[in-house]
Amino acid sequence: MKIVIVGGVAGGATAAARIRRLDEKAEIVIFERSGFISYANCGLPYYIGGVITDESALTLQSPEGFFTRFRIKAKVHHEVLSVNPEKKTVSVKNRGDGSVFEESYDKLLLAPGAKPFVPDIPGVDSEKIFTLRSMEDAFRIKEFTEKSKPKTAAIIGGGFVGIEMAENLSEAGTKVVIIEQAKQLLSNFDSDMASFIHSEIRRNGVTLALGKTVTGFSEKNGGIDVLFGEGLPIHADMVILAIGVRPENTLAKSAGIRLGIKGSIEVNEKMETSVKDIYAVGDAVRIKNYVSNNYMVNALAGPANKQARIAADNICGKNSSYKGSVGSSVIKVFSLTAASTGLSESTAKRAGFFTDKVILSPMSHAGYYPGGKVMTMKVVFEKETFRILGAQIAGYDGVDKRIDVIAAAIHAGMRADELSELDLAYAPPYSSAKDPVNMAGFMAENVKEGILKQWFIEDAERLLKMSRVTLLDTRTEWEFNRGHIEGFMNIPVDELRERIDEIPKGDPVYVICQSGLRSYIACRILKGYGFNAYNFAGGFRFYDAVMNDRRLAEESFPCGMDR
């Protein structure tokens, strides 16, 4: 059996190695149009920033290494131009000498990846504008930064690549602005959780220009102006386009393969396309969201590797299925770690789910052990069933551990209240006896049993206008005086029983404290005295972060860049 694979990197290279492990006699050929058969795409921003100093560390496997270990013919600088499913051939161009030839196959695997989206706007072809997708892209950017030593950089797009490039350029001494058309960075986060990401980025000197649409570019004064539909341009020495990617579907079109959302390649659970004996994996394919069961495109390395293994299994006669992705991700944002899995609250609502949530601010490990840091967790679940839909965490230590636990819980179909039952590893340097994941479960359990009734930041404006409510802040007087929500009265939780007569009878009481714990205790006290009390999800710490972010976003844009 002869297998031709189009594209290396995560999907193609992984599939090739798996096929060889399953079939020693198969003839395997990989065609890769770049100069690298397998490399760490996700490490490219850190190579540009100098965190990764050895270029070879990014190269996971060479053509020579592939042949020596696996007897796989890996041909770089070879671009597949078209597919002929009837003849079972591909047309290939050797980019070195320009020659074109045909290669036959019994099974064909497409792993073409995705291409950076480049908008069709004036000036976009400037040599000072870069995209980052391949090793060659990284070399071009690194060469430019080392030779030109740009003082300023504008990054268009606030996704993973945009943020990672902003961090690496900033830490190399470049003044950076991130320009994003949406009102927030990282669309996989809800806007409230994105506030913590925005704060960390601003704290490190990177300017955010949110809700801004770029209409063109103009080279000027040795640099380049980023133009907007209204307002003054932003001048920078270089521009990184990180607007996102689009599935590379040229070959699929040539083969008559059915395409799906965003031009992605349609595949079934076995990673088979609509054309017999042609498979596809990676960033170019349409897959199912494991939570919503809706189709999506998910340009992440983890799913690509899993799909590649499953495609290889089926090519070799096994029966493997890809059930979909929960979309787990994690990103380093300067000192902060931000992670998400499953659906955000906003995405879940758009998908038709009736949602509820818990928001908490636990310590990364036992409070009495030095070095613990607060993280912010948001767990979203279905209102009636309590099925976990997704989670987001922003913090410093232990964020990745907790998001992975919740990702596994989603895959297992657990309810949010069942998180309380998980037996998780504990030692003071690593966790608390009640792990943050357990704490989220306890809170969901209390919601389910009616012990915890909540109010949320989106309720604040309405409540402040109501007359027949009591708004109560249960922090200490010192904390209250440092900052509070106008209209709230202050009774510290430890004084509440003695001062219970100060609270009007008959009106619902909406309670807040710094993190949500003391206000929950106050709600239980109030319940004991016959009051109908609601606890604020996330505490004043959460409220203040979100409202401060909104205030900064509404202010006139302080670009801090040379115009």
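Given the structure is predicted, the values throughout are model-derived calculations rather than measurements.
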inquiry  = Pair Ile406, Ile388 - check side chain to side chain contact (heavy atoms under 4.5 Å, CB included), show working.
reply    = CA-CA 8 Å; Ile406 298 175; Ile388 305 169; 4.2 Å; yes
query = Does the Arg524 side chain pair with the main chain of Ile451, one donor and one acceptor, at a distance under 3.5 Å?
reply = yes
query = Looking only at heavy atoms, what is the nearest atom pair of Ala444 and Phe381, with distance?
reply = CB-CE2, 4.3 Å
task = Please test Ser361 against Arg541 for side-chain hydrogen bond (donor to acceptor under 3.5 Å, both in side chains), starting from the C-alpha separation and ending with a verdict.
result = CA-CA 9 Å; Ser361 302; Arg541 171 183 172 274; 3.0 Å; yes
query = What do the steps show when you test Asp225 against Ser218 for side-chain hydrogen bond (donor to acceptor under 3.5 Å, both in side chains), and what is the final call?
reply = CA-CA 5 Å; Asp225 275 359; Ser218 176; 5.5 Å; no
inquiry  = Keeping Glu495 on the side-chain end and Arg497 on the backbone end, is there a donor-acceptor pair under 3.5 Å?
reply    = no
inquiry  = Could you check whether Arg518 pairs with Asp494 (Lys NZ or Arg NE/NH1/NH2 to Asp/Glu carboxylate O, under 4.0 Å)?
reply    = no
inquiry  = Measuring only between side-chain heavy atoms, which start at C-beta, is Ile503 closer than 4.5 Å to Leu496?
reply    = yes
message = Salt bridge check, Glu421 against Arg415: does any charged N sit closer than 4.0 Å to a carboxylate O?
response = no
Whether Tyr510 and Tyr534 hold their rings parallel, tilted or perpendicular, with breakpoints at 30° and 60° = parallel
task = Considering only NZ, NE, NH1 and NH2 on the basic side and carboxylate oxygens on the acidic side, decide whether Glu445 and Lys448 come within less than 4.0 Å.
result = no
task = Decide, yes or no, whether a salt bridge links Asp237 with Lys151 under the criterion of side-chain N to carboxylate O below 4.0 Å.
result = no
Pair Phe456-Asp192, side chain to side chain contact (heavy atoms under 4.5 Å, CB included): steps then yes or no = CA-CA 11 Å; Phe456 304 101; Asp192 50 10; over 6 Å; no
Backbone of Trp455 reached by a side-chain donor or acceptor of Asp459 within 3.5 Å = no
ask   = Can a donor-acceptor pair be found between the side chains of Arg482 and Thr476 at a distance below 3.5 Å?
value = no
request  = Quick one: pull up NZ in Lys349 and CG in Leu343 and give me the separation to the nearest 0.5 Å.
outcome  = 13.0 Å
message = Quiz question: by atom type and distance under 3.5 Å, do the side chains of Ser346 and Asp190 form a donor-acceptor pair?
response = yes
task = Taking all heavy atoms of Val291 and all of Gly342, pick out the closest pair and write down the distance.
result = CG2-CA, 4.1 Å
request  = Indicate whether the side chain of Gln181 and that of Thr213 have a donor and an acceptor atom separated by less than 3.5 Å.
outcome  = yes
query = What are the two closest heavy atoms between Ala522 and Thr474, and how far apart are they?
reply = CB-CG2, 3.6 Å
query = What is the distance from atom OG of Ser335 to atom CD of Glu200, rounded to the nearest 0.5 Å?
reply = 5.0 Å
ask   = Do you see a donor-acceptor pair shorter than 3.5 Å between the side chains of Asn438 and Ser420?
value = no
remark   = When every non-hydrogen atom of Ile457 is compared with those of Phe536, the smallest separation belongs to N-CE1, 3.4 Å
inquiry  = Would the distance check show the side chain of Thr385 and the main-chain N or O of Arg387 forming a donor-acceptor pair, the cut-off being under 3.5 Å?
reply    = yes
ask   = Between Lys357 and Glu345, is the closest basic N to carboxylate O distance under 4.0 Å?
value = yes
query = What distance do Phe488 atom CZ and Ile512 atom CD1 have between them, rounded to the nearest 0.5 Å?
reply = 5.5 Å
Non-hydrogen side-chain atoms of Val161 and Leu44 separated by less than 4.5 Å = no
Met165 CE to Ile178 CD1 distance, which is reported to the nearest 0.5 Å = 10.5 Å
Ser195 OG to Arg550 CZ distance, which is reported to the nearest 0.5 Å = 7.0 Å
request  = Report the C-alpha distance between Asn188 and Ser329 in whole Å, list the side-chain angles of each, state the deciding distance to 0.1 Å, and finish with yes or no for side-chain hydrogen bond (donor to acceptor under 3.5 Å, both in side chains).
outcome  = CA-CA 9 Å; Asn188 52 310; Ser329 65; 3.3 Å; yes
inquiry  = Taking ring-ring contact (aromatic ring centres under 6.0 Å, His included) as the definition, give me every residue that meets it alongside Phe531, ordered by chain and number, with sequence neighbours left out.
reply    = none
request  = Can you see which heavy atom on Phe542 is nearest to which on Met193, and at what distance?
outcome  = CE1-SD, 4.1 Å
key: Beyond-backbone contact of Glu164 with Tyr46, side-chain heavy atoms, under 4.5 angstrom   = yes
key: Non-hydrogen atoms of Lys378 and Ile359 that approach each other most closely   = CG-CG1, 4.0 Å
ask   = Any Lys/Arg nitrogen of Asp544 or Arg551 sitting under 4.0 Å from an Asp/Glu carboxylate oxygen of the other?
value = no
Audit row: Ser519, Asn535, side-chain hydrogen bond (donor to acceptor under 3.5 Å, both in side chains) steps and yes/no = CA-CA 6 Å; Ser519 51; Asn535 188 35; 2.4 Å; yes
message = Under 6.0 Å between ring centres: does that hold for His484 and Phe540?
response = no
ask   = Which distance, rounded to the nearest 0.5 Å, do you find between the CG of Leu210 and the CD1 of Ile179?
value = 10.5 Å
query = Heavy-atom count around Glu458 CD within 6.0 Å, excluding the residue itself: above 12?
reply = yes
ask   = Any side-chain donor paired with an acceptor under 3.5 Å for Tyr520 and Asn446?
value = yes
query = Taking the six-membered ring of Phe480 as reference, does the NZ or CZ atom of Arg475 fall below 6.0 Å from its centre and within a 45° cone about the axis?
reply = no
